[in-house]
A.B. asks: 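Have a look at this one before I ask anything.
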Amino acid sequence: MLKKPVIQKFDKDLFKNSVVYNVKTLYRKTLEEATQQQIFQAVSYAIKDIIVDNWMNTQKEYQKEDPKTVYYLSMEFLMGRALGNNLINLQAYEDVEEALEELGIDINTVEDQEPDPALGNGGLGRLAACFLDSLATLGYAAYGCGIRYRYGMFKQEIRDGYQIEVPDNWLADGNPFELRRPEYAKEVKFGGYVNVFVDENGRNCFKQEGYQSVKAVPYDMPIVGYGNGIVNTLRIWDAEPVECFQLESFDKGDYQKAVEQENLARNIVEVLYPNDNHYAGKELRLKQQYFFISASVQEAVEKYMRKHDDIRKFHEKVTFQLNDTHPTVAIAELMRILMDDYYLTWDEAWAVTTKTCAYTNHTIMAEALEKWPIELFSRLLPRIYQIVEEINRRFVAQVSQMYPGNQNKIAKMAIIYDGQVKMAHLAIVSGYSVNGVARLHTEILEKQELKDFYEMMPDKFNNKTNGITQRRFLLHGNPLLAQWVTAHVGSDWITDLSKISGLKIYAEDKKAQQEFMNIKYQNKVRLANYILEHNGVEVDPRSIFDVQVKRLHEYKRQLLNILHIMYLYNGLKENPDKEFYPRTFIFGAKAAAGYRNAKLTIKLINAVADVVNNDPSIGGKIKVVFIEDYKVSNAEWIFAAADVSEQISTASKEASGTGNMKFMLNGALTLGTMDGANVEIVEEVGMDNAFIFGLSSDEVIRFENFGGYNPMDIFNNDPDIRKVLMQLINGTFAPYDTELFRPLYNSLLNTQSTSKADMYFILKDFKPYAEAQRKVEAAYIDEAGWAKSAILNVACSGKFSSDRTIQEYVNDIWHLDKVVLPKRAENPKVIGK
Ligand SMILES: *Cc1c(COP(=O)(O)O)cnc(C)c1O
């Protein structure tokens, strides 16, 4: 592959020596004696050594240039494996591959030893990871700030068709890339009460007393920019007890407190909550939020004050981006530090805070909105609550002045209302920017969900359509296609994805079409082998690979997909000779551990798979595969192998989606609703190169405003749908327990429970979906036509790079300074750890 000049030249012999040396000093072994895991560790430490030079160099440059810095505050960073990505961004992947080969080591085997750091649920956490990659690559000073969960997202095992959650002990073998930084530890305080007094200078003072505290200790992970020598930092906080278990405590009678603080520290970072788009309201969750936010904000302020003397200008050098409302306590924490530690007045502190914090909204779904009971919030964070109360008091006064006598406005907009603290309202009122994550989503925020706020402060609102990093999801995940793209348009696409549009002229080129389809085929073989190894199911790489991978959620409608598969199966059973192009339906999805219908949908998919895959009468024309433990590392292979990208959420529910963009980049055609970023994907690639169906978001919202629709009308009038639904309760797919899938049946037809029947319009969209699926089949049979559309999808994906998204955040929100490192002549020094 073509390369730009690198900052440091890779020294192959040095690297090889380093690997051997590391195996010796880490494990007292020779290379021949070492296990694959030990070799992975040794290779990673050798690479880390190179990275650390660049890391120090970058931070030195930041120290000198003093650029404005963004702190991306997020409860989740779904990083995926680091080794391969670091090699890619160091432009050293092929060199290392060759060096390892000379040592008799296969790079893929080594990469496969690394556990996925799964410190996130799904799209929101992965977006944070893509953003860090783009920030470093574009040369912007940035920190990701989060939590070093001891257990990340659970590992999913499928037993008897059911999801089993297995703890993810990702740190069991140690994390070679992280660096513990005890010198930056911070104390974080919970509970107690606020003592108000006047000090010797006549200032009002607020002192938290009778609290429990934990020590937050940061671990830094390097974020390597592509080919530019820049290395930023992901800082994740671990919790340790403030006082260790000392005799002193016994003497003072503080035994109880010592134990409590030890337990608090142990619990707080224990586990990532496995809910995606769902708020559970747990006390420990609020503790996690304040824990990492207090530590991050304290450090940001201290770092600023090490170089500057006027805290009133903090916002000129620092900005906080809140990834959803989870980090919103940052607003009150910054106010607290500015007033209580730096003695700013309320107005001075407010002026700084409201120019520092910006908020990204990720969802309009009611069950995802964070609202903390006052009782819990004020008990856990007494000083923070006082500040939120005052922000609310002033805001409500402002609303009253603007809308005299309009109690309804206050009810809808207040930060504290009805016994609850509404985090989204706090973020909107106190932030200088509110952004949605796709054009349609931002429009819905402005016109519906946040209409009152938009009318009061329209200038804050803006859209930043999400993106993904092409370095991980094409260059690393799909090397064959990456090489092919580079051969046709050059390698500039790696850091400027708009350049990939150069492929358009090859869309109708017969040779290019053949090469493209051949690469797709090879990627399908790679995935088929993975599926055989991990699922024991044989799939035909010549069949259409129709893929839905994403979190399991009712709004994402995996149920629509599997019901349609049941319908196809029924059709084939009735008419075995009918024209039918072989299709492999691939699912991958984790369900929140407590989400009954989601977990039951996984069981249904596996139950249908059991019947369909083993029914000789349909001649293997349909295969259904549920890939266990969907995560970033296997996602990279799945996107590369997909023909059809299922993006079938109920219109208006998916804020953006980013999986849709990864599929497009890898040449899959979108089968989807006009929801989230699908709208913009179709705008780029054209309606002819996608399959769009179903209710529009306006139609869905209209139905919702009139109390839903009646799915019984469809059930009664459509025999195909009726047959499929009856199969949920007549034992076709669960002969041993005919009632097993009753809750899914009820969710579609019955209002007996608390929610509306078919809230997600599955039956309403069923026939339009089936019609779109018929068009997919017809289109795939036209080989040249399909190849053309697939190539155009790749060629039109330029907009969906997270580099574009980040540049928009920089231009419109953050206003960061770009940093370019001077080229360094000398080679990296050795090495060894
Ligand atoms: C991209 C990605 C997601 C988000 O997928 P959506 O289809 O946008 O919901 C979730 N999980 C993983 C592992 C991903 O890579």
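Atoms within each ligand, like the ligands themselves, are counted from 1 in listed order.
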A.B. asks: Report the C-alpha separation of Phe639 and Phe663 in whole Å, then their side-chain angles, then the decisive distance to 0.1 Å, and conclude whether the ring pair (Phe, Tyr, Trp, His ring centres under 6.0 Å) test is met.
C.D. replies: CA-CA 5 Å; Phe639 297 125; Phe663 279 106; 4.8 Å; yes
A.B. asks: Can you tell me if Lys631 contacts ligand 1 (heavy atom of the residue under 4.0 Å from the ligand)?
C.D. replies: yes
A.B. asks: May I ask you to identify the nearest protein heavy atom to atom 11 (N) of ligand 1, giving residue, atom name and distance to one decimal place in Å?
C.D. replies: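 Closest protein heavy atom to atom 11 (N) of ligand 1: Tyr630 CE2, 3.6 Å.
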A.B. asks: Under 4.0 Å from a heavy atom of Lys556: which atoms of ligand 1 are those, numbered in the order shown and with their elements?
C.D. replies: 9 (O)
A.B. asks: Under 3.5 Å between some N or O of ligand 1 and some N or O of Gly659?
C.D. replies: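 It does: an N or O of Gly659 is found under 3.5 Å from an N or O of ligand 1.
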A.B. asks: Under 3.5 Å between any N/O of Glu654 and any N/O of ligand 1: does that happen in this structure?
C.D. replies: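 N/O-N/O distance below 3.5 Å does not exist for this pair.
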A.B. asks: With ring centroids as reference points, do Phe131 and Tyr809 lie under 6.0 angstrom apart?
C.D. replies: yes
A.B. asks: Among all protein heavy atoms, pick out the one at the shortest distance from atom 8 (O) of ligand 1; state its residue, atom name and that distance to 0.1 Å.
C.D. replies: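 Going by distance alone, atom 8 (O) of ligand 1 is nearest to Thr658 N, 2.8 Å.
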A.B. asks: Taking the inter-plane angle between the rings of Tyr769 and Phe693 on a 0 to 90° scale, is it parallel (under 30°), tilted (30 to 60°) or perpendicular (over 60°)?
C.D. replies: tilted
A.B. asks: Testing the 3.5 Å rule here: is there a donor-acceptor pair between the side chains of Ser747 and Asp758?
C.D. replies: no
A.B. asks: Are the charged groups of Glu646 and Arg557 less than 4.0 angstrom apart, N to O?
C.D. replies: no
A.B. asks: Purely on distance, is any nitrogen or oxygen of Lys550 under 3.5 Å from one on ligand 1?
C.D. replies: yes
A.B. asks: Against the six-membered ring of Tyr555, is Lys653 placed for a cation-pi contact (under 6.0 Å from the centre, within 45° of the normal)?
C.D. replies: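 No.
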A.B. asks: Looking at every non-hydrogen atom in both residues, tell me the closest pair between Ser652 and Asp675 and how far apart they are.
C.D. replies: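 It is N-OD1, 2.7 Å.
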A.B. asks: I'd like to check which ligand 1 atoms, numbered from 1 as shown, lie under 4.0 Å from a non-hydrogen atom of Gly123.
C.D. replies: 3 (C), 4 (C), 10 (C)
A.B. asks: Number the atoms of ligand 1 from 1 as they appear, then name those within less than 4.0 Å of a heavy atom of Gly122, with their elements.
C.D. replies: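 Near Gly122, the atoms of ligand 1 are 10 (C), 11 (N).
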A.B. asks: Is the NZ or CZ atom of Lys599 positioned over Tyr162's six-membered ring, under 6.0 angstrom from the centre and within 45° of the axis?
C.D. replies: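 No - Lys599 does not lie over the ring of Tyr162 by the 6.0 Å and 45° rule.
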A.B. asks: Counting heavy atoms only, which of Arg126, His553, Lys662 is nearest atom 1 (C) of ligand 1?
C.D. replies: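 It is Lys662 that holds the nearest heavy atom.
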A.B. asks: For Gly657, counting its heavy atoms only, list the atoms of ligand 1 lying under 4.0 Å from any of them.
C.D. replies: 8 (O)
